2 protein chains.
Amino acid sequence: MESLRLDNQLCFLLYAASRRMTQLYRPLLDELGLTYPQYLVMLVLWEDERGEGVPVSHVCSRLKLDTGTVTPLLKRLEEHGQVARRRSSGDERVVRVYLTEAGRALEAQAADVPAQLLCQTRSEPERILHWRSELQALLRQLEAASG
Amino acid sequence: MESLRLDNQLCFLLYAASRRMTQLYRPLLDELGLTYPQYLVMLVLWEDERGEGVPVSHVCSRLKLDTGTVTPLLKRLEEHGQVARRRSSGDERVVRVYLTEAGRALEAQAADVPAQLLCQTRSEPERILHWRSELQALLRQLEAASG
DNA sequence: CGATATTATATTGTGCACAATATATCAGGG
DNA sequence: CCCTGATATATTGTGCACAATATAATATCG
């Protein structure tokens with residue numbers, strides 16, 4: 001059944017490439033004491049937290065993950081001292097996530113992770129930009145799909 | 001820090017696209033009683049198991065997963081009656097995985113899953129072929145990287 | 001104002017991923 | 001034949017993902 005051949009499946013290529021990418025990040029992130037999903041949360045906070053904290057829902061929507069994944073992730077980051085969590089005074093339903101000093105300081109350490117990865121994969125920067133736009137288009141197409 | 005912007009990261013695009021793809025498969029695979037990784041195992045077996053069974057190591061290498069993931073996956077497929085597992089008579093170290101009648105019959109039911117997905121994403125077939133070759137190249141590049 | 005619906009987060013349960021380790025079998029050299 | 005190392009699979013422990021449900025706070029409508 002030709003249509004079911006594993007290597008013809010876009011889905012498997014995405015799945016394999018994504019896992020492989022995570023594996024390449026692992027040794028670099030180990031030095032920062034972060035897992036890969038924790039690193040993604042920190043990317044969001046470094047970009048969006050301006051001292052006033054961001055709601056849990058904001059982290060969820062940026063990463064397209066639900067609270068069942070994000071809440072325990074944030075708790076582990078809190079245990080490790082990278083973030084703090086406080087209920088918003090305005091709306092008691094909302095929990096705001098803050099960077100601690102340590103969490104903020106980690107950004108400098110993480111600054112050259114993307115370059116190190118680029119170097120490790122020996123990719124031309126323009127090749128990366130090409131794949132980035134291809135993947136952005138693919139992701140848009142997938143997100144437009146019903147389901 | 002521009003280099004750390006979430007949406008610039010190839011890694012996040014892969015991660016998000018892969019999860020989104022899995023989400024699109026879920027309702028279709030629910031009808032077959034399979035999870036997405038279980039579906040991938042079945043793809044390997046439908047393609048490579050010719051009645052004589054395939055070693056666990058073969059499934060691992062095709063899917064690039066280790067035994068810590070694959071062994072429990074195969075046990076769940078066995079519980080659900082899709083596969084059988086027997087130690088090889090020649091080499092008692094290897095466990096061979098066989099399709100059951102039910103497992104073999106499931107291939108016909110799965111035959112139109114790829115087409116349904118194509119339809120759901122409203123993608124031109126040539127667009128898919130394009131992304132497939134792009135992702136094959138990206139995966140090769142990632143696998144060539146040390147680490 | 002009070003009942004109802006909505007929103008934000010948390011919890012529970014199942015199934016991956018993967019590092020690290022364990023166990024059992026086999027292969028080769030002395 | 002025994003010892004040593006290699007090979008194949010399984011087990012353990014941690015951390016995601018996500019569906020389903022629970023809980024609490026807020027908004028809305030009659």
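Every chain is numbered from 1 and lettered A, B, ... according to where its sequence line falls, protein lines coming before strand lines. Treat the numbers as computed from the prediction; the structure is a model and nothing was measured.
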Summary of salt bridge (Lys or Arg N to Asp or Glu O under 4.0 Å) pairs that have at least one residue in residues 21-33 of chain A, sequence neighbours excluded: none
First-last contacting nucleotides on DNA chain D - partner chain B, under 4.0 angstrom, heavy atom: D/dT7 to D/dA19
Nucleic acid contacts of residues 72-82 of chain B, taken as heavy-atom distances under 4.0 Å to DNA chain D: B/Lys75
Pairs of donor and acceptor atoms involving the side chains of residues 69-77 of chain B, under 3.5 Å and at least two apart or interchain, shall be tabulated with distances.
| residue | atom | partner | partner atom | Å |
| --- | --- | --- | --- | --- |
| B/Thr69 | OG1 | B/Asp66 | OD1 | 3.4 |
| B/Thr71 | OG1 | B/Thr67 | O | 3.2 |

Salt bridge (Lys or Arg N to Asp or Glu O under 4.0 Å) involving B/Asp112 - partner list, sequence neighbours excluded: none
Return all side-chain donor-acceptor pairs below 3.5 angstrom for residues 90-103 of chain B, not counting sequence neighbours, or 'none' if the list is empty.
| residue | atom | partner | partner atom | Å |
| --- | --- | --- | --- | --- |
| B/Asp91 | OD1 | B/Arg93 | N | 2.9 |
| B/Asp91 | OD1 | B/Arg93 | NE | 3.1 |
| B/Asp91 | OD2 | B/Arg93 | NE | 3.3 |
| B/Asp91 | OD2 | B/Arg93 | NH2 | 2.8 |
| B/Arg96 | NE | B/Glu52 | O | 3.0 |
| B/Arg96 | NH2 | B/Gly53 | O | 3.0 |
| B/Thr100 | OG1 | B/Gly81 | O | 2.5 |
| B/Thr100 | OG1 | B/Gln82 | O | 3.0 |
| B/Thr100 | OG1 | B/Ala102 | N | 3.4 |
| B/Thr100 | OG1 | B/Gly103 | N | 3.0 |

Sugar-phosphate only, base, or nothing, as touched by B/Thr69 at under 4.0 Å among non-hydrogen atoms: base
Plane angle bin for B/Tyr25 and B/Tyr36 - parallel if under 30°, tilted between 30 and 60°, otherwise perpendicular: tilted
Residues which pass salt bridge (Lys or Arg N to Asp or Glu O under 4.0 Å) with B/Glu107, listed by chain and number, not counting sequence neighbours: none
Under 3.5 Å, which protein N or O atoms sit close to an N or O of nucleotides 5-7 of chain C? Give each pair with its distance.
| residue | atom | partner | partner atom | Å |
| --- | --- | --- | --- | --- |
| C/dT7 | O2 | A/Arg93 | NH1 | 3.2 |

Sugar-phosphate only, base, or nothing, as touched by A/Arg96 at under 4.0 Å among non-hydrogen atoms: nothing
Charged N-O contact under 4.0 Å between B/Glu47 and A/Arg5: yes
For A/Arg85, all residues meeting salt bridge (Lys or Arg N to Asp or Glu O under 4.0 Å), sequence neighbours excluded: A/Glu78
Validation row: B/Leu4, A/Tyr39 side chains within 4.5 angstrom (heavy atoms): yes
B/Thr121: side-chain contact (heavy atoms from CB on, under 4.5 Å) partners, not counting sequence neighbours: A/Leu142, A/Ala145, B/Leu24, B/Ser123
Sugar-phosphate only, base, or nothing, as touched by B/Asp91 at under 4.0 Å among non-hydrogen atoms: sugar-phosphate
DNA chain D contacts among residues 38-64 of chain A, heavy-atom distance under 4.0 Å: A/Gln38
Any residue meeting salt bridge (Lys or Arg N to Asp or Glu O under 4.0 Å) with A/Arg104, in chain and number order, not counting sequence neighbours: A/Glu49
Validation row: B/Val113, B/Leu32 side chains within 4.5 angstrom (heavy atoms): yes
Nearest-angstrom distance from the residue atom CZ of B/Arg87 to C1' of C/dT25: 9 Å
Between B/Glu134 and A/His130, a side-chain donor and acceptor under 3.5 Å: yes
